[in-house]
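Remember, it's a predicted structure, so these values are computed and weren't measured experimentally. Side chains are part of it too, since the values below use all heavy atoms of this structure and drop only hydrogens, waters and symmetry mates.
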Amino acid sequence: MTSPSFHDRLRLFDLPLDVITLPATLDLLGGWLADEARAPHTVVTLNPEIIVQSRTHPEFVRAVQDADLVTADGVGIVYAARQLRGEEVPRAPGFDIVKGLMQRHGADLSVFFLGAKPGVAEVAAQNAAREYGVTVAGVHHGYFGPEDDERVARLVAASGAGLLLTAMGAGRQEVFNQQWRGVLGVPVMIGCGGVIDVLAGTADLAPAWTRRMGVEWIWRVAGDRKRWNRAPRLLQFVQMVAAEKKRKG
Ligand code: UDP
């Protein structure tokens, strides 16, 4: 694990949070990609769901604690950092990181698309190759059990990818990247939720205005019935922040 030393790292609850802008994130990851040693690195884009879900999942907490970079995915984390640390933390959302890397590196970027329902990663890969000119190292769906983890990790390793997009849902994706990082051996591995669905066009990216305001989660929760049951988790997050603030006096 390499802790970035040239930007601040805060602590939110028991999780780290790097104070880093999107352009600085792209510079940092670009350095990892360019390094001939191909040292593996994991990236977590922190959001309120991760904080709430990880409370009951110690392995998930460890995966975030051991990540090389933890960025603020959205406005919920910016709010929590302001409330609990009195700091203004810039956002570096998962989708923007992935798109930024693809735009910057084009054909020099070899990407493995891991996650989503069978068939979706293939479409995401085709679209990314067409739109950004990236090289497709490989694809695999995200519906396999722990007994297949090692096989999939070895498949990714053999592909020689520079960037691994792991989109298998919060928790599963971060733990997979961290647990198998030594086998995977990919310079940049990022847990990135619905990004493969968005690249494939099977899920819409929230409209630009919600992203500018940092409130795309409202769009996602409201527009997707499956996600309605997640709204209480966001409320739980606000309550957790308030309780922690009170506790710290
Ligand atoms: N997903 C997956 N394997 C699973 C569960 C989910 O590949 O076992 C994929 C799902 O198809 C979607 C992405 O992970 O492409 C994000 O899923 P979801 O929105 O349910 O998770 P979140 O990250 O919002 O918790």
Side-chain angles (χ1 to χ4, degrees), residues 1-52 54 60-105 108-109 111 162-167 170 173-175 177-178 181-182 184-193 195 211-217 237 240-241 244-245 248:
M1 185 181 70
T2 51
S3 268
S5 51
F6 41 84
H7 57 259
D8 284 343
R9 175 165 265 205
L10 307 179
R11 196 147 282 276
L12 279 191
F13 301 96
D14 53 357
L15 304 178
L17 173 65
D18 292 309
V19 185
I20 187 167
T21 63
L22 177 63
T25 298
L26 297 177
D27 290 345
L28 179 65
L29 303 192
W32 292 347
L33 286 167
D35 183 3
E36 281 178 14
R38 285 183 56 87
H41 298 90
T42 51
V43 180
V44 170
T45 64
L46 195 62
N47 60 35
E49 285 216 71
I50 292 183
I51 294 190
V52 173
S54 63
F60 192 4
V61 170
R62 270 197 305 278
V64 181
Q65 286 174 339
D66 291 346
D68 297 281
L69 185 71
V70 182
T71 70
D73 190 66
V75 72
I77 296 302
V78 174
Y79 159 82
R82 198 180 291 144
Q83 292 293 315
L84 298 177
R85 293 281 169 262
E87 291 241 14
E88 280 309 307
V89 176
R91 301 172 61 221
F95 183 78
D96 298 25
I97 294 172
V98 170
K99 184 175 161 191
L101 285 177
M102 289 183 172
Q103 279 172 332
R104 276 197 187 188
H105 299 279
D108 292 338
L109 187 63
V111 188
L163 172 66
L164 171 62
L165 306 182
T166 311
Q173 61 201 19
E174 286 80 12
V175 171
N177 282 350
Q178 199 57 47
R181 61 182 287 149
L184 289 160
V186 178
V188 178
M189 307 181 253
I190 177 165
C192 54
V195 164
R211 288 189 290 130
R212 262 196 312 277
M213 292 174 65
V215 293
E216 61 267 47
W217 59 271
F237 178 70
M240 272 175 68
V241 172
E244 177 78 356
K245 192 171 179 184
K248 289 170 48 197

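- Considering only heavy atoms from C-beta on, Gln173 stays 4.5 Å or farther from Leu165 through its side chain.
- At distances below 3.5 Å, at least one donor-acceptor pair connects side-chain atoms of Arg85 with backbone N or O atoms of Arg11.
- Looking at heavy atoms from C-beta onward, Pro90 lies out of side-chain contact with Ile20 at the 4.5 angstrom threshold.
- Taking each heavy atom of Gly162 and Pro187 in turn, the nearest pair found is O-CD, 3.6 Å.
- Counting heavy atoms from C-beta outward, Pro48 and Ile77 have side chains that approach closer than 4.5 Å.
- Side-chain contact check for Leu163 versus Val186: every heavy-atom pair is 4.5 Å or farther apart.
- Taking each heavy atom of Glu88 and Val19 in turn, the nearest pair found is O-CG1, 4.3 Å.
- Here the closest heavy-atom approach between residue Gly185 and residue Pro40 is recorded as CA-CB, 4.0 Å.
- Between Leu69 and Leu29 there is a side-chain heavy-atom pair separated by less than 4.5 Å.
- Closest heavy-atom contact between Glu174 and Val44: CG-CG2, 3.9 Å.
- Atom-to-atom distance recorded for Ile97:CD1 and Leu26:CG is 7.0 Å, nearest 0.5 angstrom.
- Partner Thr25 forms a side chain to side chain contact (heavy atoms under 4.5 Å, CB included) with one of Thr71, Asp96, Leu101 and no other, that one being Thr71.
- Summarising the geometry of His41 relative to Arg181, their closest heavy-atom pair is CA-NH2, 4.1 Å, with the distance given to 0.1 Å.
- Listed for the Gln65 side chain is a donor-acceptor partner under 3.5 Å among the backbone atoms of Asp14.
- Note: Arg9 CZ to His7 NE2 = 6.5 Å, rounded to the nearest 0.5 Å.
- In this model, no donor atom of one side chain and acceptor atom of the other lie less than 3.5 Å apart for Thr42 and Asn177.
- In this view, Ser54 and Leu15, Phe60, Val61 satisfy the side-chain contact (heavy atoms from CB on, under 4.5 Å) rule, not counting sequence neighbours.
- One finds the NZ atom of Lys248 at 5.0 Å from the CG atom of Leu84 (value rounded to the nearest 0.5 Å).
- For the pair Val43/Val188, a side-chain contact is recorded, criterion being any heavy-atom separation below 4.5 Å from C-beta on.
- Checked by atom type and distance alone, the side chain of Asp18 pairs as donor or acceptor with a backbone atom of Val70 at under 3.5 Å.
- Considering every non-hydrogen atom in both Ala92 and Thr45, the closest pair reads O-CG2, 4.2 Å.
- Rounded to the nearest 0.5 angstrom, Leu12 CG and Ile51 CD1 are separated by 5.0 Å.
- From Leu10, atom CG reaches atom CD of Glu87 across 4.5 Å, with rounding to the nearest 0.5 Å.
- Considering only heavy atoms from C-beta on, Ile50 comes within 4.5 Å of Asn47 through its side chain.
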